[in-house]
Amino acid sequence: MRHLLSSADLEPDDVTAILDLAEEMADVQHRSIKKLPALRGRTVVNLFFEDSTRTRSSFEIAGKWLSADVINISAKGSSVSKGESLRDTVLTVAAMGVDALVIRHMTSGAPQQVTGWIDAHVVNAGDGTHEHPTQALLDAFTLRRHFGGDTGSFANRRIAIVGDITHSRVARSNVLLLKKLGALPVLVAPPTLMPSGVDSWDCEVSADLDAVLGGVDAVMMLRVQRERMSGGYFPTPREYTIGYGLTRDRLTALKPGTAICHPGPMNRGLEISADAADAANSLVLDQVTAGVAVRMSVLYQLLGGEDES
Ligand code: NCD
C-alpha cells in the first residue's frame with residue numbers, strides 16, 4: 001500500500017489484512033511496556049488543519065508504540081496562520097525527511113493533491129466532507145469483534161448510519177467499506193441533511209428513523225456538524241432530537257444486541273442521549289480503543305516492509 005486516501009481504494013482482502021494485523025497490534029495495548037521496534041528510525045508527521053482529539057492523538061500513540069518518531073503540526077500555531085499555502089507547508093515538512101504524512105484538511109481532495117507534491121506516504125485523516133478511511137476501518141474493526149470475529153460476519157448485516165450525512169466524511173467512508181464487506185448500510189436523515197446524488201451511493205435511504213431502528217444490527221449515530229452548516233438545516237435542536245436523536249425511548253425499539261456507535265465527538269442530548277451513549281451495547285469507547293490498533297496497523301502496512309537501507 002502506497003497511500004491510504006479513500007475506502008474506495010481498499011479491496012476486501014486489504015481490509016481483512018489491516019483488521020487482522022490490528023488484532024495483533026491490539027495486544028500491545030494490554031502490555032505494561034507498550035512498545036514494538038517495528039518502525040524505529042521512521043518519521044511520521046501529523047499535519048492537522050482542523051480540530052481533532054481522537055484521530056490526532058491515536059495516530060500519535062500508534063506511531064510512538066511502533067517506535068517511529070512522531071511530530072504534530074497543527075494549523076493554529078504554525079506558519080499556516082501566517083498565510084503559508086498548503087503546498088509550501090507540505091514541501092517544507094517533506095524537506096526535513098519525513099516517511100509518512102498524516103493529513104487532516106478542510107478541503108475535500110487535499111490529501112490526494114499532496115501525493116503529487118511529495119514522495120512520503122500520505123494518510124487521509126479526514127478531508128472536508130469527503131472521506132475518513134481510518135475511521136471506517138476502526139468502525140469495521142469494532143463491529144467485526146461485535147459480530148463474531150471474522151470479516152465474513154458482515155454478510156447481510158444491516159447497519160443504520162443516522163444524522164448529518166451531507167457533511168459526514170465518516171458516512172461516505174463507512175458506506176464504501178461496509179458494502180465491500182457485504183453489509184447493508186441504511187442511510188437515515190432528514191431530507192435537508194441527505195446529500196443530493198445519494199442515489200449513486202447505491203444503498204437504502206430513509207427519512208424515518210423509527211421505521212428502521214427495529215431491523216438493524218448496528219446503529220451509527222453521526223454528529224450534527226454545525227461548523228459546516230451555513231443555513232437552517234432543521235428548525236430547532238429539539239425538533240432534530242425528536243425526529244433523529246437516539247433517545248432513551250428509541251433504545252427500546254432496538255433488537256437485543258444491536259451495537260450503538262458514534263465516531264465522536266458526541267453532542268449528548270442532540271443526536272445521542274446519555275442513556276444511549278452509556279448503554280451496555282454502546283461501543284463508543286471501544287471505537288476509540290480500536291483507533292490506536294487500526295492506525296498502528298495502517299502505519300505498519302505503509303512503512304513496515306520498507307528496505308532499511
Ligand atoms: C469525525 C471527523 O472529524 O470526521 N470525528 C472523528 O474523526 N472521530 C466526525 C465528526 O467530527 O463528527
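These numbers come from a predicted model, not from an experiment. Every number for a ligand or one of its atoms is a count from 1 in the order of the listing.
Ion pairing between a basic and an acidic side chain is recognised when a charged N comes within 4.0 Å of a carboxylate O; Arg172 and Asp127 show no such pairing.
Summary of contacts: the protein heavy atom closest to atom 8 (N) of ligand 1 is Pro263 O, 3.0 Å. Protein heavy atom at the shortest distance from atom 7 (O) of ligand 1 is His132 NE2, 2.8 Å. Ranking protein heavy atoms by distance to atom 3 (O) of ligand 1, first place goes to Arg169 NH2, 2.9 Å. When only non-hydrogen protein atoms are considered, atom 9 (C) of ligand 1 lies nearest to Gly264 O, 3.6 Å. Atom 12 (O) of ligand 1 has as its closest protein heavy atom Arg223 NE, 2.7 Å.
Every atom of ligand 1 is numbered from 1 in the order shown, and the set under 4.0 Å from a heavy atom of Arg104 is 2 (C), 3 (O), 7 (O). Taking a cut-off of under 4.0 Å to the non-hydrogen atoms of Gln135, the atoms of ligand 1 that pass are 6 (C), 7 (O), 8 (N). Less than 4.0 angstrom separates some heavy atom of Gln225 from each of these atoms of ligand 1: 10 (C), 12 (O).
Side-chain N/O atoms of His167 and Arg223 include no donor and acceptor closer than 3.5 Å.
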Name each donor-acceptor pair under 3.5 Å that joins a side chain in residues 186-205 to protein atoms two or more places apart or in another chain, with its distance.
| from | atom 1 | to | atom 2 | distance (Å) |
| --- | --- | --- | --- | --- |
| Thr192 | OG1 | Tyr233 | O | 2.6 |
| Ser200 | OG | Gly197 | O | 2.8 |
| Glu204 | OE1 | Arg158 | NH1 | 2.8 |

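Residues Asp9 and Leu4 fail the side-chain proximity criterion, which asks for heavy atoms closer than 4.5 Å.
Under the 4.5 Å side-chain heavy-atom criterion for grouping Ile, Leu, Val, Met, Phe, Trp and Tyr, Leu299 is not connected to Val122 through any hydrophobic cluster.
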Subject >> Evaluation steps, salt bridge (charged side-chain N to carboxylate O under 4.0 Å, His left out), between Arg226 and Asp164 >> reply: CA-CA 9 Å; Arg226 282 184 274 203; Asp164 184 0; over 6 Å; no
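Within the 4.0 Å heavy-atom criterion, neither part of Glu50 lies near ligand 1.
Remark: Phe48 engages no residue in a ring pair (Phe, Tyr, Trp, His ring centres under 6.0 Å) (not counting sequence neighbours).
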